[in-house]
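What follows is a single structure, written as structure tokens, with notes after it.
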Protein chains: 2
Amino acid sequence: MIAEHDPSPLYAKVEAALTSDIAAGDLSPGSQLPPEDRLIERFGVSRTTVRKAIENLVARGQVEIRRGKGTFVAQRKITQELTELTGFVEDMQALGRTPTARLLDKQVVPADADVARQLAVPPGGLVMRIQRVRLADGVAMSFDETYLPRGIGEKIAAHDLDAEPIFSLLEGKYGVPLTEAEYRLEAVTAAPDVAQALSVDPGSAIFLIERTSYTEGHRPIDYEKLYYRGDLISFVTRLARRSRHRS
Amino acid sequence: MIAEHDPSPLYAKVEAALTSDIAAGDLSPGSQLPPEDRLIERFGVSRTTVRKAIENLVARGQVEIRRGKGTFVAQRKITQELTELTGFVEDMQALGRTPTARLLDKQVVPADADVARQLAVPPGGLVMRIQRVRLADGVAMSFDETYLPRGIGEKIAAHDLDAEPIFSLLEGKYGVPLTEAEYRLEAVTAAPDVAQALSVDPGSAIFLIERTSYTEGHRPIDYEKLYYRGDLISFVTRLARRSRHRS
């Protein structure tokens with residue numbers, strides 16, 4: 001029962017109480033929310049108030065409505081720093097998650113215009129393409145398409161890519177240190193092949209990172225398209241205001 | 001007609017030729033692609049080859065299929081730097097675009113849990129919410145929801161927000177310099193209200209930026225949810241590899 005002397009609206013209190021249950025783990029990710037009638041009883045509020053609170057939780061991505069099934073606590077999004085060049089395995093280990101990979105395909109293909117420009121090879125020239133699904137604690141987080149110049153690509157592809165991260169192979173095994181990368185960030189919807197690889201519905205939100213990593217001498221060595229599940233990840237960074245903007 | 005002695009696959013050449021037409025402006029954004037038969041004739045290739053080339057252009061976002069209407073050259077995406085704290089007007093001016101705004105709503109509302117945390121006010125406490133559509137060269141690029149502490153918010157809301165950028169008002173008029181911001185980047189699909197504001201279909205890809213801007217003393221002063229049209233913008237940045245990762 002919510003105390004009556006607090007001036008903030010009732011739905012905000014129901015929302016705050018449920019948010020706090022979720023944060024405390026009393027309502028765990030993937031579990032079903034108690035039915036409306038139980039919430040009405042627990043908080044001593046109207047159905048309209050409970051619905052408004054749940055609507056806000058949906059809008060904030062805290063819970064999700066599965067049609068015909070009910071309302072569920074959303075899987076917790078991974079919050080990943082976007083502040084330095086790191087690979088998936090490094091990222092997940094930093095977050096205390098267990099990274100694994102599932103190799104889907106590796107083959108030599110002709111470079112399309114994008115790949116050619118990014119790797120500085122002639123269009124149609126041959127490059128190695130490696131397709132993997134990357135998992136965190138067993139959940140598919142991203143579908144990665146990696147393009148490498150053919151020479152180093154064939155060496156990398158000879159390894160067990162379910163077990164060995166490409167960044168580790170490049171830097172540790174083949175003496176190709178990564179120095180920096182250019183990132184392009186986009187929001188797209190999942191095409192059928194990406195949806196299938198990630199076990200989501202086509203049209204689901206995808207956070208697409210196109211990344212070109214460079215080695216010494218600003219030589220491009222690795223071009224990736226990383227299709228992250230939009231519902232499972234968010235990226236954070238901090239940017240400073242340059243003084244020329246200030247009045 | 002494509003020369004026969006070049007070893008790269010025919011579809012890659014058709015793809016490259018069309019990409020170059022688009023880049024040169026011979027095929028302008030929004031225009032319809034020539035029909036298959038014309039492309040077959042022009043390049044002297046099979047229908048399968050033309051289709052494979054177009055399929056690749058679709059996958060790369062260069063062209064888009066509108067059901068029942070045909071294949072069109074995609075609107076050129078805006079490429080925006082994500083390297084310092086800037087406002088929409090500054091961003092568009094830097095890109096040579098003309099920014100405008102359309103105020104949808106401004107009102108004092110109770111802070112939900114997110115807004116309260118970001119602006120360091122009590123949950124349910126009153127804040128100013130300003131909703132605007134931001135346009136570049138007349139095209140709606142983003143739907144922005146701005147939350148301000150009530151005091152400064154009421155001053156800002158008294159201005160003509162179709163004409164005056166909030167960052168300029170804060171810094172120029174009210175002596176509140178911005179120092180830095182925290183960004184959270186997500187890919188989501190458009191909820192009905194966002195879709196309506198941006199004139200896109202519900203379910204379209206949205207690049208969501210949640211941004212908390214700070215003034216001196218690391219005091220949060222402006223919390224925004226910026227819903228960018230995913231099909232019209234991409235963000236770029238460069239990140240360095242930290243030496244501890246190298247072997």
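Quick note on labels: first sequence line is chain A, next is B, and so on, each numbered from 1. Bear in mind that the values here come from a model prediction, so they are computed numbers and not experimental data. We use all heavy atoms of the structure for the numbers below, so side chains are in, but hydrogens, waters and symmetry mates are not.
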Portion of B/Leu82 that has a non-hydrogen atom of chain A nearer than 4.5 angstrom
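B/Leu82 touches chain A through backbone and side-chain heavy atoms alike.
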Please state whether the side chain, the backbone, both or neither of B/Tyr11 comes within less than 4.5 Å of a heavy atom of chain A.
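It is the side chain, since no backbone atom gets that close.
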Are A/Glu90 and B/Arg242 close enough for a salt bridge, meaning some N to O gap below 4.0 Å?
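Salt bridge absent between A/Glu90 and B/Arg242.
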Any salt bridge linking A/Glu164 with A/Lys173? Criterion: basic side-chain nitrogen under 4.0 Å from a carboxylate oxygen.
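Salt bridge: no.
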Taking the six-membered ring for Trp, are B/Tyr228 and B/Phe207 ring centroids under 6.0 Å apart?
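No, ring centres 6.0 Å or more apart.
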For the student: nearest non-hydrogen atoms of B/Arg241 and A/Gly87, plus distance
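Nearest pair, atom of B/Arg241 first, then A/Gly87: NH1-N, 4.2 Å.
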Determine the minimum heavy-atom distance between A/Pro110 and A/Gly124, stating which atoms define it.
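Smallest interatomic distance, heavy atoms only, reads CB-O, 3.5 Å.
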Select one option (side chain, backbone, both, neither) describing which atoms of [X] are under 4.5 Å from chain B's heavy atoms.
X        : result
A/Glu186 : both
A/Ser213 : neither
A/Ala240 : both
A/Tyr214 : neither
A/Ala113 : both

Name the member of A/Asp114, A/Val188, A/Thr189 that forms the most heavy-atom pairs with chain B at distances under 4.5 Å.
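Going by pairs under 4.5 Å, I would pick A/Asp114.
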Choice from A/Arg184, A/Arg238, A/Arg229 maximising heavy atom contacts with chain B below 4.5 Å
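Result: the option with the highest number of such pairs is A/Arg184.
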Modelled atom types, side-chain donor and acceptor of A/Asp144 and A/Ser142, under 3.5 Å
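Looking only at side-chain atoms, A/Ser142 and A/Asp144 do form a donor-acceptor pair, the distance falling under 3.5 Å.
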Leading residue by heavy atom contact count with chain A [cutoff under 4.5 Å; candidates [options]]:
options                                : value
B/Ala205, B/Gly125, B/Gly230, B/Ala191 : B/Ala205
B/Gln62, B/Gln80, B/Glu180             : B/Glu180
B/Ile209, B/Asn56, B/Asp112, B/Thr19   : B/Asp112

Please round to the nearest 0.5 Å and tell me the distance separating atom CZ of B/Phe235 and atom CZ of A/Phe235.
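Taking CZ in B/Phe235 and CZ in A/Phe235, the distance rounds to 14.0 Å.
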Could you tell me whether a side-chain N or O of B/Thr212 sits under 3.5 Å from a main-chain N or O of B/Ala181, the two making a donor and an acceptor?
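Flag not set: sc B/Thr212 to bb B/Ala181 has no pair under 3.5 Å.
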